[in-house]
Structures are given as structure tokens and as C-alpha cells.
Amino acid sequence: LRSELESDLKRICLGNRAKQDVIDETLQKYKTVFLQAKQQAQKLDHALAKYFGPPQQVTEETMEPSILSEIVRKCPYCSRADLVVKRKRDGGFMLSCLGFPDCK
């Protein structure tokens, strides 16, 4: 998607494409990809539910800088510490054991 957008931006600069057309087409493409990703995330939630319980809603209000959720469950590897959702350095999210580094 990004390379297509970059190509279209060059075409806009050259006068070969209309700015609004590119915006409309790009938004539609990103919306389609977002909906597909959301559907896949729901499938993943359903598949993981038997291991981690039903999915919980995580909202921006409940997020802290590093730890972003309440306790998800006990860690299945060490069985001593809790699993929580944390923010990764690249801005993504990960499930993390609070027993790290003892639990890997």
C-alpha cells in the first residue's frame, strides 16, 4: 500500500493524478485492509480463548505507558507471575510475564 501511495504522490506532483482521487482511493484501500485485520484479530481472539479466557476490551483510558492492562492471567510457563499487555518500543503491543527475566 505504501509503495502505491508513493507512486501516486509522484504522479500528483507531475500533474498526472488528482489529489482528491488519490486520497479517496487510498482511504478505501486502507479501510479494506483494516477491516480484514480486524476480522483476523477476532479469529485469533476466538482461537486463544481456550488458553487465555474470553477476550477483554482494552481502551486508551486504561493504558499506562508500559503496562497497558490489568492482569490477563497467570503465566502458563512459570505459573508464579501474571501476564499483562505491555507496549513495545516500536509502538506495538505484547503479552508479557511480570516474572521476566526469571521467566522467559
Are Val72 and Met94 connected into the same hydrophobic cluster when the rule is that any two of I, L, V, M, F, W, Y join if their side-chain heavy atoms are below 4.5 Å apart? no

Answer yes if Leu44 and Phe93 sit in the same cluster of Ile, Leu, Val, Met, Phe, Trp and Tyr residues linked by side chain heavy atoms under 4.5 Å apart, and no otherwise. yes

Side chain to side chain contact (heavy atoms under 4.5 Å, CB included) between Lys29 and Glu4, intermediate numbers included: CA-CA 10 Å; Lys29 289 176 187 176; Glu4 289 179 32; 2.6 Å; yes

When rounded to the nearest 0.5 angstrom, what is the spacing between OG1 in Thr26 and CZ in Arg2?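 Those atoms lie 13.5 Å apart.
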
What distance separates Asp102 CG from Cys75 SG, expressed to the nearest 0.5 Å?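 The SG atom of Cys75 is 11.5 Å from CG of Asp102, to the nearest 0.5 Å.
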
Could you tell me whether Asp82 and Arg73 have a side-chain N and a carboxylate O separated by less than 4.0 Å?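 Looking at Asp82 and Arg73, the cut-off is not met.
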
Side chains of Pro76 and Leu83: does their closest heavy-atom pair fall under 4.5 Å?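 They are in side-chain contact.
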
I want to check something: taking the side chain as every heavy atom from C-beta on, are Val33 and Leu1 in contact at a cut-off of under 4.5 Å?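 In short, these two side chains touch, coming nearer than 4.5 Å.
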
Indicate the atoms forming the closest heavy-atom contact of Ser79 with Lys74, along with that distance.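 Nearest heavy atoms, Ser79 then Lys74: O-CD, 4.4 Å.
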
Looking only at heavy atoms, what is the nearest atom pair of Gly99 and Ala81, with distance? N-CB, 3.3 Å

Please step through side chain to side chain contact (heavy atoms under 4.5 Å, CB included) for the pair Leu95 and Val84, ending with a clear verdict. CA-CA 6 Å; Leu95 196 59; Val84 294; over 6 Å; no

Which atom pairs, one a donor and one an acceptor, fall under 3.5 Å between side chains of residues 9-16 and the rest of the protein, sequence neighbours left out?
residue : atom : partner : partner atom : Å
Arg11   : NH1  : Asp8    : OD1          : 2.9

Once side chain to side chain donor-acceptor pair (under 3.5 Å) is applied, do any residues pair with Gln20, and if so which ones, sequence neighbours excluded? Asp24

In chain order, what residues pass the side chain to side chain donor-acceptor pair (under 3.5 Å) check against Gln36, with sequence neighbours excluded? none

Within the supplied structure, the quantity of interest is the number of heavy atoms (other residues, nucleotides, ligands) at a distance under 6.0 Å from Tyr30 OH; does it exceed 12? yes

